[in-house]
Number of protein chains: 2
Amino acid sequence: MINRLEDLLSTLQAASTLEDLQSVIEALRDYYNVSHAVYHWVNSVGERFGAGTYSAEWVDRYLEKDYLRIDPVIFGCFQRFTPVSWKELDWSSKAAREMFQDALAFGLGNQGFTIPIRGPNGQFALFTLNDNVADEDWERFVDQNTHDLMIIAHELNKKALAFEKWGEESSSPSLSPRELSAMTCLAKGMNRAQAAAELQISEHTLRVYIESARHKLGAMNTTHAVARALSTGIIIV
Amino acid sequence: MINRLEDLLSTLQAASTLEDLQSVIEALRDYYNVSHAVYHWVNSVGERFGAGTYSAEWVDRYLEKDYLRIDPVIFGCFQRFTPVSWKELDWSSKAAREMFQDALAFGLGNQGFTIPIRGPNGQFALFTLNDNVADEDWERFVDQNTHDLMIIAHELNKKALAFEKWGEESSSPSLSPRELSAMTCLAKGMNRAQAAAELQISEHTLRVYIESARHKLGAMNTTHAVARALSTGIIIV
DNA sequence: CTGAGCCTCGCCATTTTTGGGGAGTGCAAA
DNA sequence: TTTGCACTCCCCAAAAATGGCGAGGCTCAG
């Protein structure tokens with residue numbers, strides 16, 4: 001049992017496999033003496049990556065019932081910046097309340113605290129602690145530990161990003177300044193005539209840049225090229 | 001002079017005007033005894049929001065020379081998740097090195113440490129400390145203070161979001177599932193025929209989604225719509 | 001000094017996208 | 001229950017983008 005936060009962070013930073021990460025999450029749960037600790041990556045598509053102490057049954061249930069789409073935790077965190085205690089979220093929808101009851105039946109505690117984490121290219125993940133205690137106790141717990149938990153959440157996500165080899169397409173092609181400008185104009189919604197005017201070049205020259213950028217980015221069309229330029233971060237709108 | 005971090009954070013949390021925020025940033029600079037501290041929001045359009053101790057001359061210069069586009073700090077941080085010391089960034093471009101020299105001439109220190117911060121709807125901001133010390137001293141400083149600085153960065157951004165009421169006017173419009181799918185397909189480079197086949201609907205129906213998404217996103221054309229969907233984070237490629 | 005990459009310009013034909021019209025079903029909240 | 005919104009389908013003509021053919025001047029590094 002790890003009983004110092006620094007040791008926990010060191011263990012986390014040293015983790016080199018998914019199993020290591022899972023152990024760290026379990027150690028976290030024990031360290032904070034709560035029912036569950038979970039880190040998971042969220043995509044529109046579905047769960048690409050995660051580690052936690054929820055039962056396999058609950059995870060299956062969650063996926064099977066497509067709770068991802070109605071879970072106020074996901075939804076709420078996606079739209080906010082700061083960590084949140086579950087009680088603060090919007091449980092007004094019937095489906096959400098049913099999900100909550102279902103969760104209790106599957107062994108989750110009635111209290112939760114979730115930290116949203118955002119990485120490059122729209123990456124989004126959550127780190128959650130869950131427990132079964134009274135409101136005021138949970139509030140006190142959260143107040144005391146928020147900052148530490150935020151650091152932990154950050155370190156967890158750092159590891160997850162490293163594991164997922166997010167930098168695999170690391171060699172984002174380098175576009176020339178004019179090509180970048182052209183992409184930026186298009187991303188801002190200009191058509192070719194407007195963009196050419198903006199850059200003070202002929203529309204044809206602009207086309208050359210767009211084509212060139214498209215080829216460099218390996219894109220099928222202009223929209224694709226702009227999408228790639230945006231999501232690799234080589235242009236910012 | 002504030003000399004306890006907790007007091008600094010309390011002051012920050014109590015800040016209710018931009019001037020308050022500016023004072024906190026200055027207090028931060030003094031607390032850490034560095035040359036400069038800066039928080040700023042980043043958009044291609046330009047600085048919408050920021051507070052810092054850089055001289056007005058340098059800020060003007062920065063904007064005037066469009067350094068936003070070549071600054072490796074902006075660039076590097078946009079593509080990474082973790083905080084970074086400036087020395088670790090890519091200064092190989094000539095323009096970047098010239099900018100650095102220029103910065104020194106305007107009173108910036110040779111060392112920097114910048115924390116990228118991401119909020120909902122693709123919001124992106126940076127928190128930077130800048131100083132003039134030897135490499136090893138800076139490294140030690142960074143090692144000792146990274147976690148605290150991350151918390152501060154988070155709190156700063158929380159304040160900034162509250163001020164700009166980002167969640168109010170520029171909250172990203174909600175697209176329907178089909179509209180999101182359509183946008184995603186286009187962002188992946190499909191043309192309308194391919195996307196329609198992918199979604200198993202007629203090309204015309206697909207058009208309806210695209211148009212609808214375009215209107216909701218306030219976009220001029222398809223490329224613009226996809227760009228907005230990507231940069232607000234409502235779709236991920 | 002030579003090649004590579006960047007910046008600039010033009011024309012033609014074809015494909016794709018866009019901007020207007022409509023029209024009907026079903027679900028879920030007000 | 002009504003109202004709204006999401007989802008699905010169709011036609012036509014105009015506008016925009018694409019693909020492929022050129023060309024020359026510039027700078028920077030090998």
Side-chain angles (χ1 to χ4, degrees), chain A residues 44 66 69-70 72 75 90-98 173-227 229 234, chain B residues 69-70 92-98 173-229 234-235:
Chain A
S44 53
D66 205 21
R69 301 243 170 250
I70 54 176
F75 215 71
D90 172 28
W91 295 92
S92 61
S93 131
K94 196 176 139 201
R97 282 195 307 273
E98 281 172 4
S174 63
L175 302 191
S176 78
R178 288 308 238 179
E179 287 160 353
L180 287 175
S181 306
M183 289 292 106
T184 305
C185 288
L186 295 177
K188 283 180 184 166
M190 300 179 201
N191 61 25
R192 300 206 296 206
Q194 293 169 321
E198 170 79 16
L199 302 182
Q200 301 188 312
I201 52 178
S202 79
E203 196 172 326
H204 183 270
T205 303
L206 180 77
R207 277 186 55 192
V208 175
Y209 297 144
I210 299 173
E211 300 266 312
S212 167
R214 238 202 349 246
H215 288 138
K216 286 185 181 175
L217 292 160
M220 314 286 288
N221 52 46
T222 301
T223 299
H224 194 198
V226 171
I234 60 180
Chain B
R69 301 242 169 253
I70 52 177
S92 62
S93 129
K94 196 177 142 201
R97 283 194 304 274
E98 281 173 4
S174 63
L175 302 191
S176 77
R178 289 307 241 178
E179 287 161 353
L180 288 175
S181 307
M183 289 291 105
T184 305
C185 288
L186 295 177
K188 283 180 184 164
M190 301 179 199
N191 62 23
R192 298 206 298 205
Q194 294 169 321
E198 171 79 16
L199 301 182
Q200 301 189 311
I201 52 178
S202 78
E203 194 172 328
H204 183 270
T205 302
L206 180 77
R207 275 188 58 190
V208 175
Y209 297 144
I210 300 173
E211 299 266 311
S212 166
R214 235 199 353 244
H215 287 139
K216 285 184 182 177
L217 291 161
M220 314 285 288
N221 52 46
T222 302
T223 300
H224 194 198
V226 171
R228 289 206 157 167
I234 59 180
I235 65 169

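These values consider heavy atoms only, across backbone and side chains, with no hydrogens, waters or symmetry-generated copies. Residue numbers start from 1 in every chain, and the chains themselves are labelled A, B, ... in the order their sequence lines are given, proteins ahead of strands.
Following rounding to the nearest Å, A/Arg207 (CZ) and C/dG10 (P) show an atom-to-atom distance of 12 Å. Note: CD1 (A/Ile210) to C1' (C/dC6) measures 16 Å, nearest angstrom. Separating the CE atom of A/Met220 from the P atom of C/dT17 is a distance of 12 Å, rounded to the nearest angstrom. Rounded to whole Å, atom P of C/dC6 lies 14 Å from atom CE of A/Met183. Taking atom CD of B/Glu203 as the reference point, atom P of D/dC12 lies 15 Å away to the nearest angstrom. Atom CG in B/Asn221 sits about 17 Å away from atom P in D/dA15, given to the nearest Å. Counting to the nearest Å, the C1' atom of D/dA15 and the CD atom of A/Gln194 are 13 Å from each other. Atom-to-atom, CG of A/Leu186 to P of C/dT17 comes out at 15 Å; the value is rounded to the nearest Å.
The two residues A/Ile210 and A/Ala182 have their closest heavy-atom pair at CG1-CB, 4.5 Å. Shown here for A/Pro72 and A/Ala96, the closest heavy-atom pair between the two residues is CG-CB, 3.5 Å.
In this structure, B/Ile235 CD1 and B/Leu180 CG are separated by 7.5 Å, a value rounded to the nearest 0.5 Å. Between the CG atom in A/Leu206 and the CG atom in A/Leu186 there is a gap of 6.5 Å [rounded to 0.5 Å]. Distance check: A/Glu198 CD to A/Thr184 OG1 gives 10.0 Å after rounding to the nearest 0.5 Å. Considering OH of A/Tyr209 and OG of A/Ser181, their distance stands at 9.0 Å, rounded to 0.5 Å. One finds the CD atom of B/Glu203 at 7.5 Å from the CG atom of B/Asn191 (value rounded to the nearest 0.5 Å).
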Tell me which donor-acceptor pairs under 3.5 Å the side chains of residues 214-221 of chain A have, and how far apart each pair is, sequence neighbours excluded?
from, atom 1, to, atom 2, distance (Å)
A/Arg214, NH2, A/Glu211, OE2, 2.9
A/His215, ND1, A/Glu211, O, 3.3
A/Lys216, NZ, A/Glu179, OE1, 2.8
A/Lys216, NZ, A/Glu179, OE2, 3.4
A/Asn221, OD1, A/Thr223, N, 3.2
A/Asn221, OD1, A/His224, N, 2.8
A/Asn221, ND2, B/Gly189, O, 3.1

Between protein and nucleotides 22-27 of chain D, what N or O pairs are separated by less than 3.5 Å?
none

Could you go over nucleotides 2-6 of chain D and give all protein N or O partners under 3.5 Å, atom names and distances?
from, atom 1, to, atom 2, distance (Å)
D/dA6, OP1, B/Lys216, NZ, 3.1

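The nucleotide whose nearest atom lies closest to any side-chain atom of B/Asn191 is, among C/dT16, D/dC9, C/dG10, C/dT16.
In the interface, the side chain of A/Arg214 is not paired with the base of D/dG19 through any donor and acceptor atom under 3.5 Å apart.
Between B/Thr205 and the phosphate of D/dC7, there is no side-chain N or O to OP1/OP2 separation shorter than 4.0 Å. Side-chain N/O atoms of B/Ser202 include one lying less than 4.0 angstrom from OP1 or OP2 on D/dC9.
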**Test side-chain contact (heavy atoms from CB on, under 4.5 Å) applied to A/Ile201 and A/Arg178, step by step** = CA-CA 10 Å; A/Ile201 52 178; A/Arg178 288 308 238 179; 3.4 Å; yes
